[in-house]
Every structure is written in structure tokens, then in C-alpha cells.
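Here is the structure we will look at, set down as C-alpha cells.
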Amino acid sequence: MFTKPVLLVIAHGSRDPRHAATVHALVRRVRSLRPDVRVETGFLDFNIPFVQGVLESLAAQGVRDVVALPLLLTRAFHAKADIPAVLRDAPPQLRIRQAEVLGPSPLLMAALERRLYEAGLTPADKSSTGVVLASAGSTDPEAIAVIAEIAREWRHTGWCAVRPAFASASLPRTEDAVRELRELGCERVAVAPYVLAPGFLPDRIARGAAEADVLADVLGAAPEVARVLLERYDAARVPVLAAVGA
């Protein structure tokens, strides 16, 4: 019997089947960490089930409290507009609280390093390796500023240099950041995709990493990512419970 609010993970969706497969793998990891929490998945586009359908199903089952968690790394358009619009159309008997997006978080930085080490680097390589922090990109200046700040903070953990790059909407591109780090004199250059799942833009990042020495995998179902989801859920569910007197 689940007594806590349902955690509804809201993903963007993609025509690329790898996207949904990765989202489901991440959700399975979250469930394994917190078997006392019911975790559901909904997509905004391209994949089923759609968010609205999941919300209607939950309401029909008698669920009342839901924490809607955007599977997003920054607060850009989807978190500020798309998802709130979908949640406003939810069945009225549902009490829904939208959790914060996943980033920034020290756990995500740890996941980035995990992926770099899985790709062949070691902690001993940090001082001689320049890293491109490659994100999907956004037209939202707040989201771009967050990526730049993460790159600055990550540089202070021992890497030779860290440069942000974007697959769309903003500059520089991944390939330009790779060349900049080469010109800076870094012994090797690694590209760390700051994206959650494979798809069109991550593939563009991979193409831009052609001249790099190391290309890490997407964050995907890394255990650190699952832990961030649960942190955001726990932070959001407390006000929900307080509102209903639980």
C-alpha cells in the first residue's frame, strides 16, 4: 500500500526510441531505491503514456496527491510553461505540486564524472584534461547562465579547464569548445554530455566531439541522477503533506 504522494516523472519524449528506453531505465532505478513510493512516467510528446492520460488514470484510481517532477536539467521553457499548462488541465480532485528541475546539483556533477571515468579517464587525468560541458542548449538566458556557472564550478574540482557548449539555440558549439581547449594547451580533451537521454541533440553533441579524445555517455540512469529525482520529490512532497494535514 502506497501512502506517500505519487511521483509522476514528466519527460519530454522523442521520436528516438532510445529516449523512452533511457527514461524507463531511470524510473526503474528510482523505484528500486524507494519501493515505498509509487512512481509513474508521462511524456509531453511523441511517446505514450502522455502526461494528461496518466493524471486522468490516477484520479480514476482514487489517487489524490501527486508530485510532478520535470525530467529536466534546467528551468527553461518546458519547466516554466509546458508542464504547468498540462498540470493546470489535470482532474480537479488531484492535489499536484510541481517539483524543481534536477539541476544544478552536486550529484549531477558526480554523475558527469562517473560517465567520464567509464569512458576511460581516471582521477589522475583531471589536471591535464580539458572538459567540454555539452548541453542541449536553450533560448532561455537563465538556463544558459546555469550551464556556464556549472562549468565554472566544475573547473575548480581539478580539471585543466572546463568550457560550456550547446547543441542548439546558443553558442559555442561542441566542436568549437573542443578546439578552444586544444588551443589552450590541454593534453587531452573530453566531452561530457549534460543531457539525460539519447536523441537528436545528443547525437549532434557526439558529432561535435569527433576531434575530442574522450566522449562520455549521457547521464541516463546513473545512480546519482536517481538520487536527485528522489531529493526533488522529498522536497516537494512535504508541502503537499502539510496541505492535507498528513
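Positions are given from 1 along the sequence. All values derive from a computational prediction rather than experimental measurement.
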Report task. Check whether any side-chain heavy atom of I83 lies under 4.5 Å from a side-chain heavy atom of L44, and answer yes or no. Result -> yes
Query raised in the report: Does the side chain of R204 reach to within under 4.5 Å of the side chain of S168, using non-hydrogen atoms?
Result: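 Yes - at least one pair of side-chain heavy atoms lies under 4.5 Å apart.
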Would you say the side-chain atoms of [X] pair up with the backbone N or O of [Y], donor to acceptor, closer than 3.5 Å?
X    : Y    : value
R38  : V6   : no
D203 : P198 : no
D213 : A190 : no
R173 : S170 : yes
R182 : E211 : yes

Query - E224/R227 ion pair, N-O < 4.0 Å - result: no
Gap separating the [atom1] atom of [X] from the [atom2] atom of [Y], nearest 0.5 angstrom:
X    : Y    : atom1 : atom2 : result
L55  : E40  : CG    : CD    : 10.5 Å
L69  : L102 : CG    : CG    : 6.0 Å
T41  : I48  : OG1   : CD1   : 12.5 Å
L87  : D82  : CG    : CG    : 10.5 Å
L171 : F166 : CG    : CZ    : 9.0 Å
T3   : D36  : OG1   : CG    : 7.0 Å

**Report entry** Nearest heavy atoms of A134 and V191, plus distance in Å
**Finding:** CB-CG1, 4.0 Å
Query raised in the report: Closest heavy-atom contact between A222 and A111?
Result: CB-CB, 4.2 Å
Query - CA sep, side-chain torsions, deciding dist, call: K4, D234, salt bridge (Lys or Arg N to Asp or Glu O under 4.0 Å) - result: CA-CA 10 Å; K4 296 180 173 64; D234 286 334; over 6 Å; no
Query - Within residues 185-200 or reaching into it, pairs that qualify as salt bridge (Lys or Arg N to Asp or Glu O under 4.0 Å) - sequence neighbours excluded - result: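 Qualifying pairs, neighbours excluded: D125-R188.
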Report task. Show your working on side-chain contact (heavy atoms from CB on, under 4.5 Å) between V214 and T129 and close with a plain yes or no. Result -> CA-CA 10 Å; V214 173; T129 301; over 6 Å; no
Requested in this report: Name all residues meeting the side chain to side chain contact (heavy atoms under 4.5 Å, CB included) criterion together with E113; count only those two or more places apart in sequence or in a different chain, and write none if there are none.
Outcome: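 If we apply the side chain to side chain contact (heavy atoms under 4.5 Å, CB included) test to E113, skipping adjacent residues, the hits are Y117, K126, W154, T157, W159.
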Report task. Name all residues meeting the side chain to side chain contact (heavy atoms under 4.5 Å, CB included) criterion together with L184; count only those two or more places apart in sequence or in a different chain, and write none if there are none. Result -> A161, R163, L181, C186
Side-chain donor-acceptor distances from residues 22-29 under 3.5 Å, at least two apart:
unit_1	atom_1	unit_2	atom_2	d
T22	OG1	R18	O	2.8
R29	NE	A221	O	2.5

Query raised in the report: How far apart are the C-alpha atoms of L219 and L112, what are their side-chain angles, what is the distance that settles it, and do they pass the side-chain contact (heavy atoms from CB on, under 4.5 Å) test?
Result: CA-CA 7 Å; L219 294 173; L112 286 166; 3.8 Å; yes
Query raised in the report: Which residue pairs satisfy the ring pair (Phe, Tyr, Trp, His ring centres under 6.0 Å) criterion with at least one member in residues 202-235, sequence neighbours excluded?
Result: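 As it turns out, there is no ring pair (Phe, Tyr, Trp, His ring centres under 6.0 Å) pair with a partner in residues 202-235 once direct neighbours are skipped.
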Query raised in the report: Are more than 12 heavy atoms from other residues, nucleotides or ligands located less than 6.0 Å from atom CZ of R31?
Result: yes
Scan the side chains in residues 136-146 for donor-acceptor partners under 3.5 Å anywhere in the protein, sequence neighbours excluded, and list what turns up.
unit_1	atom_1	unit_2	atom_2	d
S138	OG	D140	N	2.9
D140	OD1	E142	N	2.8
D140	OD1	A143	N	3.4
D140	OD2	K80	NZ	2.8
E142	OE1	K80	NZ	2.7

Hydrophobic cluster identity match, [X] and [Y], side-chain contacts under 4.5 Å:
X    : Y    : answer
V195 : L201 : no
I150 : V189 : no
L71  : Y194 : yes
V66  : V51  : yes
V178 : V162 : no

**Report entry** side-chain contact (heavy atoms from CB on, under 4.5 Å) between V225 and L107, intermediate numbers included
**Finding:** CA-CA 7 Å; V225 179; L107 283 170; over 6 Å; no
Report task. Go through the steps for V9 and V30 under the test side-chain contact (heavy atoms from CB on, under 4.5 Å), then give the verdict. Result -> CA-CA 10 Å; V9 177; V30 171; over 6 Å; no
